[in-house]
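Each chain gets a letter, A, B and so on, in the order its sequence line appears, and its residues count up from 1. These numbers come from the heavy atoms of this one structure, side chains and all, not from hydrogens, waters or symmetry mates.
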Amino acid sequence: MHSEDIRKSFLNYFKSKEHKVCKSDYLVPPSDPTLLFTTAGMVQFKPLWAGAKLDFARATSVQKCLRAGGKGSDLENVGKTLRHHTFFEMLGNFSFGDYFKKEAITWGWEFVSDVIKMDTSKIYVTVYKDDDEAASIWNKEIGIPEKRISRLGDKDNFWGPAGDEGACGPCSELLYDLGEEYSCGRADCKPGCDCERYLEFWNLVFPQYYQKKDGTRDPLQRRGIDTGLGLERLTFLLQNDAENNYETDLFKPIIEELENICETKRSDEKRHYYHIIADHMRALTFTISENILPSNEGRGYVLRRILRRAFRAGRKLDLNKPFLYKLVPIVGEIMKSRYPEIVGSREFVSKVILGEEERFEITLNNGYNMLLEDIENTSGNVFSGETIFKLYDTYGMPVDIIKDEVDEKGLVFDEKGFNLYMEQQKEKGKKSWKGADIKTSNIFSEISAKSGSTIFSGYDKNSVDSKIIALVKNSSLTNEVKEGVDAEIILNETCFYAESGGQSGDTGVIKTSTGEAKILDTVKDVNGIVIHHTKILQGKILIDQDAKIVLDIKRRKEIAKHHTATHLLQAGLRDVLGGHVKQSGSYVGSDRLRFDFSHFKALTKNEIEDVEKLVNDMINDAMEVNKYNTTYDKAVEDGVTAIFGEKYGDNVKVVDAGGKSRELCGGAHVENTSFIGGFKIMSESSVSSGIRRIEAVCGRSLYDNYSKTNNVLREILVLLKTSENEVIERVEKLLGKVKSLEKQIEKGTNLNDTLKEFEEKKDNIDDINILIRKYQSIPGNSLRAISDELKSGTKNGIFCLISTESDNKASIVLSCTKNVSSTRFHCGKLLSGLAKEYGGGGGGRPDMAQAGASKKIDLDNVMMKIKVRLAQK
RNA sequence: GGGGGAUUAGCUCAGUUGGGAGAGCGUUUGGCUGGCAGCCAAAAGGUCACCGGUUCGAACCCGGUAUCCUCCA
């Protein structure tokens, strides 16, 4: 059975049981910051068990998942076992407060035995240790013999939550006995054993608790069902000629392509390197095509580690140059029927991977050179743990490479010391992890569980009459808040837009019969409740009160202008740069906008001007901006730009500006592009490799900016007595003039005069000439240059050069020829004392010293001090 | 989220009690030259990442920010 047929038959089966077929969510869950990646099919449904608004009570999906980095990472297992993957697909069926254990088990069994016709005699099941109900359904109703039902503990049969909080509960798993030859051979090998023999392929979870961040559990508002059937494992079980997951149609072509590249067939002792590379390539292709890029932090860093692991596996296959990028097309071939989007981004993905491979080569080389140097500098015969740790921790040098090199040079590798440093590092990491705002998050989860998500009516209203359903002060619930305090207010309905998709939260005021508060910001909780951050201005505000809230409409209008402009900007960028431009983050405020997008080079001046012109044309064309609802599939079919996943297929909002820009977007927009008023790019810069950032302004902010810079320009024109057309030329000329004057001073154009004067004065003691000279406002550099020139023009002399400013501040350079400084004179010592006298300080070497002063300097006094010092010797 | 490291000329990097911003490569110009990275000479090129502090004086010391590298979670 082909893997795609397996996906289809699963979805069709549960569709026939009245499940809604849902699209796979993104690998980065759009609205769940507690999760690094989507790790299971249930992730996109988490709020539905907790009580969010329900459009359907049964769902089924094929979900792309990534388990690497953070909690529940399988990164290290890939290559070691045949069943773990970083990237994989999960088939699932879900119930939200609808059916429960009985139907889940019955349908699960019907699917494996009747639909895909597995050999049921090899199937074992496990249940949670005290879950008699599940055990009895398996035994009595399905007819699985007691001896093939195992009861296991928390580790195996209690699942969840995904992330820091969410639904969880006991579970029941289906296992397939692969037979003796897959066994670890231990006498006690049985279902639940870590080895490969009893392969878990389907986990039926019975969520009935809500686990909070602090680890405590409440009963779930809607208990239900959450199952996960691993596509890779099932495909292996159904493809008879496959010995393991990697020999199925999902992986085999990648491995064969890899064999072509390294020109070596997979062999038993090196097979796991092929597995690592094939697995990681799928993960990389999918994540990067979702615009997650390798970087030095967060999700991006997980990607970087995956890539490096694959790259190093390549070295074991004698692939020492970048090669991973060559595997992108084959992954696309295998997956394109279900995920057509990855074909479109193929070139971008290859480019990113190649760039990252090249960078890793540099890191390895640098580390290697440092390693050789450290080995060189080792005095004893032990290569210390501290040094190993430094190379690994700071410079990313893989430990096994260090060990190989150290062994080869005949030194002792201090593993114990290294481990000690590692322990400390881990300890530090653990300590710092605590202190997240656990309490607050819990409160909002509780509120949302009780009252569901907030009704939003801000698309057509600027004010609403609503009711206060919760008040939070200092992270705890309260019934009343008084004048002067900060509080979070939750209403049953709001017209305030909560910060989302880059758009800033709204501000405004809230009034009740007893008081008034200012709404400073509006944000949304994971579970869909809208939180108004407020400061109470007057009186008091009570729970359950009726309240009227009014938007700061002026501000909102400016936000809408910047938001629509952001869409036009994206359209313009695609036009000028090409279709590879994809949004990878944005900020929309009332005074500016910021737009990050994928593109490889800096934009040229021309490109920026072209984009600007296109956007302004769209504004000047006064295009209608239409907003309408449609289904996700219809929107995609129509070619609408989709960036952040609308969660459930139906009912997405499209914003269409005159047909030139069409995007899925739930934010605030103007009715006509002409309202934007105008658009100006203020800066273009790089955020990370492959991502550029544009900052721009429009509306009132554009005028403010224009007015400010124009005023500055006018002042400059007046100062330089020139016109707008000539100002640049004039400034260039001035700069040139300044430069040549500075040079003249440095070279000491007046040197000859000075020297002459110096000779004439002959103010000397023991044939040592002394010169003191005062200048007006010349830089310290020039003083030094002049003194150098003077020194080279004589054999026996002391020079004191002073430059004064109008406010009596002065800088002083005192220098003397070598023969003087080496026998009887120390410029530094003399000058530091002298400078103190004039309200400054200073010092320097015997032959040259510098100082500053803040009082008027008496030149005769200076001369006397120098002479006194000379006379002392 | 926490640690370690980095940021100096177009590129690769030196630069210690805090007191004259450097080298190599590259670029331009002139001269020499029958080659392999030709040779010689000269010149141009710097916000020492940014902001603040200490100091008479900061590339250097202190604090903060940004970006990059790297490890831990």
| task | Using the six-membered ring wherever Trp is involved, compare the ring planes of A:F418 and A:F389 and label them parallel, tilted or perpendicular (cut-offs 30° and 60°). | result | tilted
Touch class at under 4.0 angstrom, heavy-atom based, for [X] against every strand present:
X      : answer
A:A851 : base
A:M397 : nothing
A:G852 : base

| task | Report the residues that fulfil side chain to side chain donor-acceptor pair (under 3.5 Å) with A:D400, sequence neighbours left out, ordered by chain and then residue number. | result | A:R312
[N] and [M]: how far apart are their [atom1] atoms, nearest whole angstrom?
N     : M     : atom1 : answer
B:A37 : B:C25 : C1'   : 10 Å
B:C39 : B:G34 : P     : 15 Å
B:A21 : B:G46 : P     : 15 Å
B:A49 : B:U8  : C1'   : 10 Å
B:A23 : B:G18 : C1'   : 23 Å
B:U29 : B:C68 : P     : 38 Å
B:A42 : B:G24 : P     : 12 Å
B:U17 : B:G26 : C1'   : 37 Å

| Judged by modelled atom types alone, do A:N291 and A:Y26 share a side-chain donor-acceptor pair under 3.5 Å? | no
| task | For A:D393 and A:Q425, test the side chains for any donor-to-acceptor distance below 3.5 angstrom and give the result as yes or no. | result | yes
| request: Run the salt-bridge test on A:E356 and A:R304 with the 4.0 Å N-O cut-off and return the result as yes or no. | output: yes
| said: Dot-bracket for RNA chain B, please. Rules: Watson-Crick or G-U, both distances under 3.5 Å, ( ) within the strand, [ ] when a pair crosses earlier ones, | for another strand, . otherwise. | reply: (((((((..((((.....[..)))).((((((.....)))))).....(((((..]....)))))))))))).
| What residue among A:N769, A:L814, A:L771 forms side-chain contact (heavy atoms from CB on, under 4.5 Å) with A:I798? | A:L814
Rounded to the nearest angstrom, tell me the gap between atom [atom1] in [X] and atom [atom2] in [N].
X      : N     : atom1 : atom2 : result
A:N366 : B:A6  : CG    : P     : 14 Å
A:E423 : B:G4  : CD    : C1'   : 18 Å
A:R299 : B:G1  : CZ    : P     : 12 Å
A:E361 : B:C69 : CD    : P     : 16 Å
A:L420 : B:C72 : CG    : P     : 16 Å
A:I362 : B:C11 : CD1   : P     : 14 Å
A:Q425 : B:C72 : CD    : C1'   : 4 Å
A:Y421 : B:G3  : OH    : P     : 18 Å

| query | Can you name the ring pair (Phe, Tyr, Trp, His ring centres under 6.0 Å) partners of A:F37, sequence neighbours left out? | reply | none
| Taking the six-membered ring for Trp, are A:F311 and A:F360 ring centroids under 6.0 Å apart? | yes
| query | Are any of A:R359's side-chain N or O atoms less than 4.0 Å away from OP1 or OP2 of B:C68? | reply | no
| task | Please determine, for the side chain of A:D393, which listed nucleotide (B:G4, B:G19, B:C72) has the closest atom? | result | B:G4
| Minimum-distance nucleotide (side-chain atoms of A:T394 versus B:C72, B:G5, B:C69) | B:G5
